[in-house]
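The block underneath contains the structure these notes are about, expressed in structure tokens.
The first residue of the sequence shown is numbered 1, and numbering continues consecutively from there. It should be emphasised that the depicted structure is a prediction, and the values quoted were computed from it without experimental measurement. In what follows, every heavy atom counts, from backbone to side chain, and hydrogens, waters and symmetry copies are set aside.
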Amino acid sequence: MYRWEIWTDGPSRLLTAAEGSGRLITTMRALSAAFPGEADTVRMSPGGDRLPIGTDADDDTAEALRQELEAGGNTGVEALSLGRGRLWVTWRDPGPGRPGTRAELQVGTKPLMNPALEERLPELAALVAELGRVWEADYAWIDIVHVRQDWNRWRRGLPVFSLATWLRDSAARVDVDGLDVDATDTGGGRLVVLRLPPAAVGNDEEGSVSGGRALVRALAARTVLADGRPLLAANPALAG
């Protein structure tokens, strides 16, 4: 049984608590639209009240989030539980000059959400690009947890390819000519989506669907960072 997530990775933006709260609300509204019935409320602590998302009442939710961020030094929030608890959101931004100076958004899922990935990859890919834009990230992607742990070992501050990956134009470029992917320019970024089912990357139990690993590695080998370095020179682990 696998589990998937959506990640964004970008430079610290030194957001105010109000700005961070606003972007979290925008993120949760996007999740509510993408997963009807799964993200229409948020709970900020175990046993806490569930607050509305996606209605006029979420202005009060935004204020509660702002206060939560301000109380925590505005460095992020951990595991905001959405809807029935099958989705959660974590945001971390330690700020420039502090350890771990990248800002990250993580949308986590439970295995019960796997059919959404298997049946609606184009829609989820669009969501990846949208969240990359909302958070002014350098990169955003669909992460399959066991694949990351096994062979697709990404590193903070560098892109990694998966079923769907968004790259900011100013951060990295990839040549997709001749590869089995769909690439879409999104205005300031590029969305790359594999023309393969999730099992081709995640290795289904029967091993009957393959090719994803080779395609992911081919994309990594064709990627050049903004400073001119090949991605594989910056993160050799992606070469296998």
Side-chain angles (χ1 to χ4, degrees), residues 1-9 24 27-28 30-46 50 53 76-92 102-132 135 137 139-156 158-166 191-213 215-217 219-220 235 237-238 240:
M1 185 71 72
Y2 68 90
R3 189 167 64 80
W4 60 276
E5 301 175 341
I6 296 175
W7 284 75
T8 75
D9 172 33
L24 285 166
T27 296
M28 291 186 284
L31 292 169
S32 179
F35 305 106
E38 294 288 351
D40 51 359
T41 61
V42 59
R43 186 164 60 192
M44 285 182 277
S45 61
R50 288 205 171 274
I53 293 295
V77 290
E78 293 288 333
L80 297 173
S81 176
L82 304 184
R84 292 179 283 182
R86 299 177 180 181
L87 293 168
W88 66 91
V89 172
T90 290
W91 169 58
R92 306 180 187 94
R102 303 293 290 182
E104 300 171 340
L105 177 78
Q106 178 186 7
V107 178
T109 75
K110 289 187 175 180
L112 287 169
M113 296 297 294
N114 289 355
L117 181 62
E118 294 161 2
E119 298 166 6
R120 300 170 53 205
L121 180 57
E123 296 163 74
L124 295 187
L127 178 62
V128 166
E130 181 178 358
L131 295 183
W135 290 96
Y139 317 112
W141 67 97
I142 293 174
D143 179 81
I144 300 178
V145 177
H146 77 273
V147 171
R148 179 213 323 150
Q149 295 168 342
D150 182 20
W151 58 268
N152 203 20
R153 297 187 180 94
W154 52 269
R155 184 179 298 172
R156 284 176 174 82
L158 297 173
V160 63
F161 290 92
S162 185
L163 293 165
T165 302
W166 181 83
L191 177 65
V192 179
V193 183
L194 274 57
R195 296 176 188 149
L196 293 172
V201 173
N203 301 322
D204 63 342
E205 293 178 3
E206 296 79 19
S208 59
V209 183
S210 62
R213 185 182 304 202
L215 184 51
V216 163
R217 286 183 169 158
L219 286 163
N235 184 8
L238 294 177

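- Looking at residues two or more places apart in sequence or on another chain, you find no salt bridge (Lys or Arg N to Asp or Glu O under 4.0 Å) involving Arg50.
- Side-chain contact between Val128 and Val193 is absent, with no heavy atoms from C-beta onward closer than 4.5 Å.
- Pairing each heavy atom of Pro111 with each of Pro115, the nearest pair is O-CD, 4.2 Å.
- In this structure, CG on Leu117 lies 6.0 Å from CD1 on Ile144, to the nearest 0.5 angstrom.
- Of all heavy-atom pairs spanning Arg153 and Asn235, the tightest one is O-ND2, 3.1 Å.
- Closest heavy-atom contact between Ala137 and Thr8: CB-CB, 3.8 Å.
- Remark: Arg195 engages Asp180, Asp182 in a side chain to side chain donor-acceptor pair (under 3.5 Å) (not counting sequence neighbours).
- With sequence neighbours left out, the side-chain contact (heavy atoms from CB on, under 4.5 Å) criterion links Ala79 to Trp88, Thr90.
- In this structure the side chain of Leu124 reaches within 4.5 angstrom of the side chain of Trp4, judged on heavy atoms.
- Here Phe161 contributes atom CZ and Tyr139 contributes atom OH; the two are 9.5 Å apart, rounded to the nearest 0.5 Å.
- By the salt bridge (Lys or Arg N to Asp or Glu O under 4.0 Å) test, Arg86 is found to be paired with Glu38, residues two or more places apart in sequence or in another chain being considered.
- Partners of Glu5 under the salt bridge (Lys or Arg N to Asp or Glu O under 4.0 Å) rule, at least two apart in sequence or in another chain, are Arg3, Arg148.
- Two residues are said to be in side-chain contact when any heavy atoms from C-beta on lie closer than 4.5 Å; Leu121 and Ile142 meet this criterion.
- For the atom pair CZ (Arg84) and NZ (Lys110), the distance works out to 11.5 Å, reported to the nearest 0.5 Å.
- Residues Arg92 and Arg102 are not in side-chain contact: their nearest non-hydrogen atoms beyond the backbone lie 4.5 Å or more apart.
- In this structure Asn152 satisfies the side chain to side chain donor-acceptor pair (under 3.5 Å) test with no other residue, sequence neighbours excluded.
- Residues passing the side-chain contact (heavy atoms from CB on, under 4.5 Å) test with Ala39, sequence neighbours excluded: Leu31, Ser32, Leu82, Leu87.
- Contact detail for Asn114 and Tyr2: the closest heavy-atom pair is ND2-O, 3.0 Å.
- Thr109 places none of its side-chain heavy atoms less than 4.5 Å from the side chain of Phe35.
- Remark: Trp135 engages Thr27 in a side chain to side chain donor-acceptor pair (under 3.5 Å) (not counting sequence neighbours).
- Here Trp154 pairs with Asp143 under the side chain to side chain donor-acceptor pair (under 3.5 Å) rule; sequence neighbours left out.
- Residues passing the salt bridge (Lys or Arg N to Asp or Glu O under 4.0 Å) test with Glu118, sequence neighbours excluded: none.
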